[in-house]
Novice: 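Quick one: structure below, then a few questions.
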Amino acid sequence: MDFIDEQGFRANVGIILTDGTGHVLIAGRRGRGGWQFPQGGIQPEESTEDAMFRELHEEVGLAPSDVELVGSTEGWLRYRLPDRYIRREQTPLCIGQKQRWFLLQLTTDPARVRFDLSPEPEFDRCRWVDYWRPVKEVVYFKRSVYVRALHELGPLAFPHDGPPPPPAWWPRRWQQALDERAAG
């Protein structure tokens, strides 16, 4: 049972797993073409950190001993679902997700990543990509959350030089939104 707050946002955790060389893990949705970071709902009475470690194990087969927790976003990052994805017949009504994002450093062999530890695996493949690439790969309505999570956690992922600059395909409006957030 997932937790949906009074505004209709489902509590969720997102996981950015880095290999320590500037690459992050994205996983392919089972039976579909989409790519995303591991993520999942927070159960009632479960802490965000407990939910993150549970999802890490369920979705990519890793244990807490396989990673180092580097940091997390300070607050919740929200996105709304497009109208066509809102299941109006369900109670409580879920209109989107509020997510706490975690940055993890892989400390074990990448070959330990596996997808067969839950009865209905979320993913069936993965790949390591450049830091900003997941923004381009994820479904359109999650992009702004990915931009904000990667931006906020970038200084922790790249403590010496800061995150790489946005790539050439990066829309100007995304950078403007980040600049406005930082100023306000």
Novice: Indicate the atoms forming the closest heavy-atom contact of Phe115 with Val60, along with that distance.
Specialist: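 Closest approach of Phe115 to Val60: CE2-CG1, 4.2 Å.
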Novice: Is the CG atom of Asp161 crowded by more than 12 outside heavy atoms at less than 6.0 Å?
Specialist: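 Incorrect, the count does not exceed 12.
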Novice: Look up atom CZ in Arg127 and atom CG in Leu25, then write down how far apart they are to the nearest 0.5 Å.
Specialist: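 That separation rounds to 10.0 Å.
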Novice: Can you see which heavy atom on Ala51 is nearest to which on Gly41, and at what distance?
Specialist: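 Scanning both residues, the minimum pair turns out to be CB-O, 4.3 Å.
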Novice: Between Val24 and Phe37, is any pair of side-chain heavy atoms under 4.5 Å apart?
Specialist: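 Side chain of Val24 against side chain of Phe37, heavy atoms only: contact under 4.5 Å found.
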Novice: Find the distance between CG (Leu103) and CG (Leu153) and round it off to the nearest 0.5 Å.
Specialist: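 Between atom CG of Leu103 and atom CG of Leu153 there are 5.5 Å.
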Novice: Can you hop from Tyr85 to Leu93 via hydrophobic side chains spaced under 4.5 Å?
Specialist: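 Yes, same cluster.
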Novice: Please examine the side chains of Arg125 and Arg30, heavy atoms only from C-beta on, and report whether any two atoms are closer than 4.5 Å.
Specialist: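 Answer no - side chains too far apart.
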Novice: State whether the number of non-hydrogen atoms from other residues, nucleotides or ligands found under 6.0 Å of Arg88 atom CZ is greater than 12.
Specialist: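 Yes, CZ of Arg88 has more than 12 neighbouring heavy atoms, counting only those of other groups under 6.0 Å.
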Novice: Side chains of Thr18 and Leu104: does their closest heavy-atom pair fall under 4.5 Å?
Specialist: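 No, their side chains stay 4.5 Å or more apart.
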Novice: Start with the C-alpha distance between Arg143 and Glu137, add both sets of side-chain angles, then the distance that settles side-chain contact (heavy atoms from CB on, under 4.5 Å), and finish with yes or no.
Specialist: CA-CA 9 Å; Arg143 286 187 180 140; Glu137 302 279 341; over 6 Å; no
Novice: Any cation-pi pair here, Arg133 with Trp35, using under 6.0 Å and within 45°?
Specialist: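 Arg133 over Trp35 ring: no.
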Novice: What pairs with Trp132 under ring pair (Phe, Tyr, Trp, His ring centres under 6.0 Å), at least two apart in sequence or on another chain?
Specialist: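 For Trp132, the residues satisfying ring pair (Phe, Tyr, Trp, His ring centres under 6.0 Å) (neighbours in sequence not counted) are Trp170.
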Novice: Are the side chain of Thr73 and the backbone of Arg100 linked by a donor-acceptor contact shorter than 3.5 Å?
Specialist: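 Absent.
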Novice: Compare every heavy atom of Gln36 with every heavy atom of Phe123, then report the nearest pair and how far apart it is.
Specialist: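 Residues Phe123 and Gln36, closest heavy atoms: CE2-CG, 3.7 Å.
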Novice: Would you please test Leu150 and Ile16 for side-chain contact (heavy atoms from CB on, under 4.5 Å) and show each step?
Specialist: CA-CA 8 Å; Leu150 288 164; Ile16 301 171; 3.8 Å; yes
Novice: To the closest 0.5 Å, what do you measure between CD (Glu46) and CE (Met52)?
Specialist: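 Rounded to the nearest 0.5 Å, the CD-CE separation comes to 10.5 Å.
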Novice: Taking atom CD of Glu89 as the centre, report whether more than 12 heavy atoms of other residues, nucleotides or ligands fall under 6.0 Å from it.
Specialist: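 Correct, the count exceeds 12.
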Novice: Rounded to the nearest 0.5 Å, what separation is found between the SG atom of Cys94 and the CD atom of Gln7?
Specialist: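 Here the interatomic distance stands at 12.0 Å.
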Novice: Is Ile4 reachable from Leu77 through a run of I, L, V, M, F, W or Y residues, each pair having side-chain heavy atoms under 4.5 Å apart?
Specialist: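 No, Leu77 does not connect to Ile4 through the hydrophobic network.
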Novice: Indicate the atoms forming the closest heavy-atom contact of Tyr131 with Pro163, along with that distance.
Specialist: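 Smallest heavy-atom distance, with atoms named: CE2-CB, 4.3 Å.
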Novice: Taking C-beta and beyond as the side chain, do Glu58 and Leu117 meet within less than 4.5 Å on heavy atoms?
Specialist: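 The answer is no, as the side chains (C-beta and beyond) never meet within the 4.5 Å cut-off.
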Novice: Mind running salt bridge (charged side-chain N to carboxylate O under 4.0 Å, His left out) on Glu122 and Arg29 for me, showing each step along the way?
Specialist: CA-CA 6 Å; Glu122 178 94 15; Arg29 303 285 305 267; 3.1 Å; yes
Novice: Nearest 0.5 Å, what's the OG-CZ distance between Ser118 and Arg54?
Specialist: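 Here the rounded value is 10.5 Å.
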Novice: Is the closest side-chain heavy-atom distance between Leu17 and Phe102 below 4.5 Å?
Specialist: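 Counting from C-beta outward, Leu17 and Phe102 never come under 4.5 Å.
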Novice: Less than 6.0 angstrom from the centroid, inside 45 degrees of the normal: does Arg78 satisfy that with respect to the ring of Phe9?
Specialist: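 Judged by the rule (NZ or CZ under 6.0 Å from the ring centre, within 45° of its axis), Arg78 counts as positioned above Phe9.
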Novice: Does any N or O in the side chain of Asp5 come within less than 3.5 Å of the main-chain N or O of Gly8, such that one atom is a donor and the other an acceptor?
Specialist: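 Yes, Asp5 side chain to Gly8 backbone: donor-acceptor pair under 3.5 Å.
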Novice: Kindly give the heavy-atom pair with the smallest separation between Ile26 and Pro134, and that separation in Å.
Specialist: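 Closest heavy-atom pair between Ile26 and Pro134: CG2-CG, 3.4 Å.
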Novice: Among Val145, Asn12, Val13, whose side chain to side chain contact (heavy atoms under 4.5 Å, CB included) with Gln39 holds?
Specialist: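 Testing Gln39 for a side chain to side chain contact (heavy atoms under 4.5 Å, CB included) against Val145, Asn12, Val13 leaves exactly one candidate, Asn12.
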Novice: Any non-hydrogen side-chain atom of Gln99 less than 4.5 Å from a side-chain atom of Tyr79?
Specialist: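 Yes, close enough: below the 4.5 Å cut-off.
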Novice: Are Pro110 and Asp19 side-chain neighbours, meaning at least one heavy-atom pair lies under 4.5 Å?
Specialist: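 Pro110 vs Asp19: side chains apart.
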Novice: Assess the residue pair Ile42 and Thr48 against the criterion (side-chain contact (heavy atoms from CB on, under 4.5 Å)); give the C-alpha distance rounded to whole Å, side-chain angles, the decisive distance to 0.1 Å, and a yes or no.
Specialist: CA-CA 7 Å; Ile42 301 170; Thr48 56; 3.7 Å; yes
Novice: Test salt bridge (charged side-chain N to carboxylate O under 4.0 Å, His left out) on Asp130 and Lys136; report intermediate values, then the result.
Specialist: CA-CA 11 Å; Asp130 290 337; Lys136 193 170 188 175; over 6 Å; no
Novice: In the structure I gave you, are the side-chain heavy atoms of Leu156 and Phe158 within less than 4.5 Å of one another anywhere?
Specialist: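 No; the side chains remain at least 4.5 Å from each other.
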Novice: Before giving the answer on side-chain contact (heavy atoms from CB on, under 4.5 Å), spell out for Arg80 and Ile86 the whole-Å C-alpha distance, their side-chain angles and the decisive distance to 0.1 Å.
Specialist: CA-CA 9 Å; Arg80 293 181 71 95; Ile86 296 175; 5.6 Å; no
Novice: In Å and rounded to the nearest 0.5 Å, what is the CD to CG distance from Gln105 to Asp66?
Specialist: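 One finds 12.5 Å between CD of Gln105 and CG of Asp66.
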